[in-house]
Amino acid sequence: TGAASKRNGYDFHSRLDTLALTDDFEAVTGMHELYKSTGSRTKMATCGNKLFAIDTAGVKTDITSGITITESKDYQWSFITALDYGIGTNNVDPPIKTAGSTTGAGTSTLQFTGLTTSVTDAKCVIWWKNYLILGNTTEGGTVHSTRIRWSNVGTIQTWLDDDYEDIAALGGQQIEGFAQLYDNLIIFLTDSIYKVSLVGGDQLIVVTKISEGIGCIAKNSIQNIQIGNSEGLVSLSRDKTINFFDGVKVAEISTNISDLMDTLSSARLPYAVSVDDQENAHYYLSAATSEDNNVLLDFHYGIGEWSKHTQIDANAFCIANDANEKPQIYYGNYKSIVYQMIDPDKNSDVGGDMGTIT
């Protein structure tokens, strides 16, 4: 549009120190709002070796309950909600399930009742058509990097040995992430995209390749965005492009910022994270030109414009309601701190300054 505007500032929300004897203030590695059928909402975050619940005032509660969370800024968690539980995977530790509190069902390792060999870790997870689906699994010490495995319908902890599919096995790629587009499950591999359709019967699913040469490199870069009456998936590719997939074709949307994209660290691409501000039609991608995510790319898909933000070193994102029941963007940085990214009250660098910009 040619117009300049001022962004509102970010606001401190919570510090998730690990309370260890030697506290290094580890990175926030995952965030999710658990929205239950009862209407309750709980904001959750992983940090160091702990899982926390955070209320709207920023007060944290340790809900780890003995599950294994290995400390590392690169062991980023992905969460989904299934049957009123938060289900999390990080491709290192056993998948977890949590009710978002220390009471009741609490937090525990996800069970794999019915499997001869249990799943010990998975890279990604999705709840699709009443099935819990894991991707890129390790089972009995064997890595199945192109495997999807699904639960019995309507359950999250009952499984069958035969309920899996290996997609393009031994093809030099791995499953990087999941998303749902319209009625289909979309599977992003490193250099290709597959569609999964539910057909029922003995076969249950049909897997179809729909793109070759372009895939996804960062599981947490994938977002479903809606433009008018249509929708599509945005993701980061290993060739340092950001692409939009409408279910049929893939189109690059980062052409206008190709010079900036070239400066991104290839080694750090898998650790880029994103969030979709649907209310204001913005897709945000936090990526790295150095050792940590230090640049925030802002795609205003309502008008097709890009902006760049600095000093928002996000290693995890989520959308969650604030105390006024209004959805807000929250992010976690590399020092155990969670911020609200856009606070309308933070609109001046100097408190009380009433000057005029000329």
Side-chain angles (χ1 to χ4, degrees), residues 9-20 23-33 43-54 58 60 62 64 69-80 86 88-93 96 123-125 176-177 216-223 234-236 238 240 242 261 263-277 282-299 308-320 328-342:
Y10 53 87
D11 191 18
F12 173 85
H13 184 62
S14 185
R15 173 173 281 119
L16 305 180
D17 59 89
T18 57
L19 302 178
D23 203 330
D24 294 327
F25 295 101
E26 299 285 347
V28 180
T29 52
M31 297 183 67
H32 179 67
E33 184 184 53
K43 187 162 56 264
M44 304 184 301
T46 52
C47 180
N49 63 355
K50 297 185 182 299
L51 173 67
F52 294 95
I54 313 169
K60 64 178 183 290
D62 185 348
T64 311
I69 298 178
T70 305
E71 292 187 12
S72 173
K73 67 179 182 180
D74 296 340
Y75 296 163
Q76 295 166 317
W77 287 82
S78 299
F79 286 94
I80 54 94
T89 62
N90 72 342
N91 205 31
V92 176
D93 301 314
I96 64 174
K123 187 165 191 176
C124 46
V125 61
E176 304 285 359
C216 174
I217 193 61
K219 64 177 181 178
N220 290 323
S221 71
I222 304 169
Q223 295 292 335
V234 178
S235 63
L236 175 65
R238 72 169 178 170
K240 298 184 181 181
I242 301 172
M261 296 298 295
T263 67
L264 297 183
S265 167
S266 296
R268 302 300 303 170
L269 290 177
Y271 311 108
V273 295
S274 67
V275 69
D276 174 30
D277 180 5
H282 285 260
Y283 167 83
Y284 294 99
L285 179 75
S286 180
T289 62
S290 58
E291 290 301 313
D292 294 330
N293 291 343
N294 60 346
V295 59
L296 184 69
L297 305 177
D298 172 2
F299 181 53
K308 180 180 72 171
H309 304 258
T310 59
Q311 299 181 347
I312 299 178
D313 303 330
N315 195 49
F317 275 119
C318 78
I319 298 286
Q328 302 285 355
I329 300 173
Y330 294 90
Y331 72 92
N333 71 358
Y334 292 90
K335 295 296 183 182
S336 304
I337 300 176
V338 172
Y339 292 96
Q340 179 181 322
M341 196 176 85
I342 301 171

Query raised in the report: Does any N or O in the side chain of D93 come within less than 3.5 Å of the main-chain N or O of T70, such that one atom is a donor and the other an acceptor?
Result: yes
Requested in this report: Search all heavy atoms of E176 against all heavy atoms of C216 and return the closest pair with its distance.
Outcome: CG-O, 3.0 Å
Query raised in the report: Could you state the interatomic distance from CD1 (I319) to CD (Q328), rounded to the nearest 0.5 Å?
Result: 8.5 Å
Query raised in the report: So Y339 and F12, would you call those rings parallel, tilted or perpendicular, with 30° and 60° as cut-offs?
Result: perpendicular
**Report entry** Whether S286 side chain and L296 backbone form a donor-acceptor pair below 3.5 Å
**Finding:** no
Query raised in the report: Nearest heavy-atom pair of Q311 and Y10: which atoms, and what distance?
Result: O-OH, 3.5 Å
Report summary line: Output for pair (D62 CG, F52 CZ), nearest 0.5 Å, gives 5.0 Å
Requested in this report: Determine, step by step, whether V273 and F317 satisfy the side chain to side chain contact (heavy atoms under 4.5 Å, CB included) criterion, reporting the C-alpha distance in whole Å, the side-chain angles of both residues, the deciding distance to 0.1 Å, and the verdict.
Outcome: CA-CA 7 Å; V273 295; F317 275 119; 3.7 Å; yes
Query - Considering all heavy atoms, the nearest E26-C47 contact - result: O-SG, 3.3 Å
**Report entry** Within-4.5 Å side-chain heavy-atom neighbours: Y330 and E33
**Finding:** no
Query raised in the report: What's the shortest heavy-atom distance between Q340 and I342, and which atoms?
Result: NE2-O, 3.0 Å
Report task. Check for a donor-acceptor pair, side chain of S78 on one end and backbone N or O of C124 on the other, with a separation under 3.5 Å. Result -> no
Report summary line: Residue set satisfying salt bridge (charged side-chain N to carboxylate O under 4.0 Å, His left out) with D11, at least two apart, ordered chain then number -> K346
Query raised in the report: K60 side chain to S14 main-chain N or O, any donor-acceptor pair under 3.5 Å?
Result: no
Query raised in the report: So, N315 side chain and N293 main chain: donor-acceptor pair closer than 3.5 Å or not?
Result: no
Report task. Please determine which of N294, D292, D74 meets the side-chain hydrogen bond (donor to acceptor under 3.5 Å, both in side chains) test together with R268. Result -> D74
**Report entry** Spacing of NE2 belonging to H309 relative to OH belonging to Y284, to within rounding of 0.5 Å
**Finding:** 5.0 Å
Query raised in the report: Rounded to the nearest 0.5 Å, what separation is found between the CG atom of L51 and the CH2 atom of W77?
Result: 8.5 Å
Query - pair L269-L236: side-chain heavy atoms closer than 4.5 Å - result: yes
**Report entry** Any donor-acceptor pair under 3.5 Å from S274 side chain to N220 backbone
**Finding:** yes
Report task. Could you tell me the separation between the CG atom of L297 and the NZ atom of K308, rounded to the nearest 0.5 Å? Result -> 8.5 Å
Query - Distance-minimising heavy-atom pair for K123 and T89 - result: O-OG1, 3.4 Å
Requested in this report: Kindly give the heavy-atom pair with the smallest separation between V28 and A45, and that separation in Å.
Outcome: CG1-CB, 4.3 Å
Query raised in the report: Is I312 close to Y331 at the side-chain level, that is, under 4.5 Å between some pair of heavy atoms?
Result: yes
Query - Under 3.5 Å donor-acceptor, S221 side chain and S235 backbone - result: no
Query raised in the report: Does the side chain of I96 come within less than 4.5 Å of F79's, by heavy atoms?
Result: yes
Query raised in the report: Between the main-chain N or O of Y271 and the side-chain N or O of Q76, is there a donor-acceptor pair closer than 3.5 Å?
Result: yes
Query raised in the report: Are I54 and V338 side-chain neighbours, meaning at least one heavy-atom pair lies under 4.5 Å?
Result: yes
**Report entry** Gap separating the NZ atom of K240 from the CG atom of L264, nearest 0.5 angstrom
**Finding:** 6.5 Å
Query raised in the report: Does Y334 offer a backbone N or O that forms a donor-acceptor pair with the side chain of K73 under 3.5 Å?
Result: no
